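Since the structure comes first, as structure tokens, the remarks are kept for the end.
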Amino acid sequence: MTFTSFETILYQHLTPFFERHQFVLLPEKKQYRRITDTGFQNVMLLPAFYDSETVLAIRFGCRNNQVEQIAQQFLTNQAISRPDANTLIVPIGQFHDFHFVRFSIHSEEELVAACQQIERFFNTTGFGFLAASCTLPDLDRLLNAYPDQPCQFVYNQMHRCYKGLITARLNHNAHFEGLINRYRHLLIHQTQNPYEQIHFERLIAYLHHYSAN
């Protein structure tokens, strides 16, 4: 299959399914997106094309605008990506009841079968996870329940330090001060870049004086 035919078949099969759940296809961003009161939920379709196969990776997650409006002031992302930044982003293979990290596809029949598995996953697990992950209490639990361990719901563990701390502050987490020390320690071990540490200290100072009004 060519790049164009692969994406045409992929979207033809998945778009009616996701539209029934109020997700809109954004082909230029290679994702389905559902707007929520706090931001958005999305499902990313990431194909990689090789000579004899196409490898399809699926990631999904959500954005909380309140968290991201603060985080993106201190992270070093390019400005063009800031409106699209996820707060949580999870590969589909991260879940114990799904057997593929990514799909290896060689034919239209295999692509159709992959679409059917994707639909089953979201019906049984994916949509439920999204429904239970987008509010501030949900995010606080997912990001901060085990601060000394890597968080499976964030691709970049340095970003976890920022977003975990922001979420804790916005959710009035009683362990906020303790999380500052833990994430400061983690950040030092994750990067020796002094500018990163300066940005993080600026975030801490900002959060100490933050008021949501």
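Residue numbers count from 1 along this sequence. Predicted, not measured: the structure shown is a model, and the values here were computed from it.
Summarising the geometry, atom CG belonging to N64 is positioned 5.0 Å from atom CG belonging to L136; distances are rounded to the nearest 0.5 Å. Atoms CG and CD1, from L179 and I166 in turn, are 12.5 Å apart once rounded to the nearest 0.5 Å. In this structure, OG1 in T8 is found 12.0 Å from NE2 in H13, a value given to the nearest 0.5 Å. Between the CD1 atom of I188 and the OH atom of Y183 there is a distance of 15.0 Å, given to the nearest 0.5 Å. Here C115 contributes atom SG and L56 contributes atom CG; the two are 7.5 Å apart, rounded to the nearest 0.5 Å. Here the CG-CD1 distance, from N156 to I89, works out to 12.5 Å after rounding to the nearest 0.5 Å.
The closest side-chain heavy-atom distance from I105 to F6 is below 4.5 Å. Between V112 and E109 the shortest side-chain heavy-atom distance does not fall below 4.5 Å. Between R182 and H185, every side-chain heavy-atom pair lies at or beyond the 4.5 Å cut-off. Between T135 and T38, every side-chain heavy-atom pair lies at or beyond the 4.5 Å cut-off. Looking at heavy atoms from C-beta onward, H175 lies out of side-chain contact with P147 at the 4.5 angstrom threshold. In this structure, the side chains of L170 and D140 stay at 4.5 Å or more apart for every pair of heavy atoms. You'll find the side chain of H21 reaches within 4.5 Å of the side chain of N123, heavy atoms only.
For F200 and F74, the distance between ring centers is not under 6.0 angstrom. Taking the six-membered ring for Trp and the full ring otherwise, F127 and Y32 have centroids separated by 6.0 Å or more. For H199 and Y195, the ring centers are positioned 6.0 Å apart or more.
With hydrogens and angles disregarded, a donor-acceptor distance shorter than 3.5 Å links the side chain of N144 to the backbone of G164. A donor-acceptor distance shorter than 3.5 angstrom exists from the side chain of R160 to the backbone of L143, with no hydrogens or angles considered. No donor-acceptor distance shorter than 3.5 angstrom exists from the side chain of T15 to the backbone of Q12, with no hydrogens or angles considered. Put simply, the side chain of Q157 never gets that close to the backbone of Y155: no donor and acceptor are under 3.5 Å apart.
Under a hydrophobic-cluster definition in which Ile, Leu, Val, Met, Phe, Trp and Tyr are linked whenever side-chain heavy atoms come within less than 4.5 Å, directly or via other members, L45 and F129 are assigned to the same cluster. Both Y206 and V67 are part of a single hydrophobic cluster, where members link through side-chain heavy atoms under 4.5 Å apart. Taking hydrophobic clusters as Ile, Leu, Val, Met, Phe, Trp and Tyr residues chained together by side-chain heavy-atom distances below 4.5 Å, L10 shares a cluster with F49. Linking ILVMFWY side-chain heavy atoms closer than 4.5 Å, directly or via other members, places L130 and L25 in a single hydrophobic cluster.
Paired with F60 under the rule ring pair (Phe, Tyr, Trp, His ring centres under 6.0 Å), one option of F23, F122, F18, F153 passes, and it is F122. Of the residues Q73, K163, R82, the one that meets the side chain to side chain donor-acceptor pair (under 3.5 Å) test with E68 is K163. Considering R59, Q31, R63, R33 in turn, Q31 is the only one that fulfils the side chain to side chain donor-acceptor pair (under 3.5 Å) rule with N42.
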Walk me through it: do I180 and L207 pass the test side-chain contact (heavy atoms from CB on, under 4.5 Å)?
-> CA-CA 10 Å; I180 288 176; L207 292 177; over 6 Å; no

Take Q72 and Y162 through the side-chain hydrogen bond (donor to acceptor under 3.5 Å, both in side chains) test and state the conclusion after the steps.
-> CA-CA 10 Å; Q72 297 304 320; Y162 286 80; over 6 Å; no

Could you walk me through whether S133 and L142 pass the side-chain contact (heavy atoms from CB on, under 4.5 Å) check?
-> CA-CA 8 Å; S133 66; L142 293 170; 3.6 Å; yes

When you look at I204 and R184, which way does the side-chain contact (heavy atoms from CB on, under 4.5 Å) test go after all the steps?
-> CA-CA 10 Å; I204 293 170; R184 180 186 280 135; 3.6 Å; yes

Could you go through the side-chain contact (heavy atoms from CB on, under 4.5 Å) check for F121 and I58 one step at a time?
-> CA-CA 11 Å; F121 169 79; I58 310 292; over 6 Å; no

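Considering every non-hydrogen atom in both E110 and S104, the closest pair reads OE1-O, 3.6 Å. Scanning all heavy atoms of the two residues, the minimum distance from P47 to K30 falls at CD-CD, 4.4 Å. The shortest non-hydrogen separation linking Y50 to V55 is CE1-CG2, 3.7 Å.
Cluster partners of I35, using a side-chain heavy-atom cutoff of under 4.5 Å among ILVMFWY residues and allowing indirect links, are F40.
Geometric assessment of R169 against the ring of Y210 yields a negative cation-pi assignment under the 6.0 Å and 45° thresholds.
Counting non-hydrogen atoms of neighbouring residues, nucleotides and ligands closer than 6.0 angstrom, the CG atom of D37 reaches no more than 12 such neighbours.
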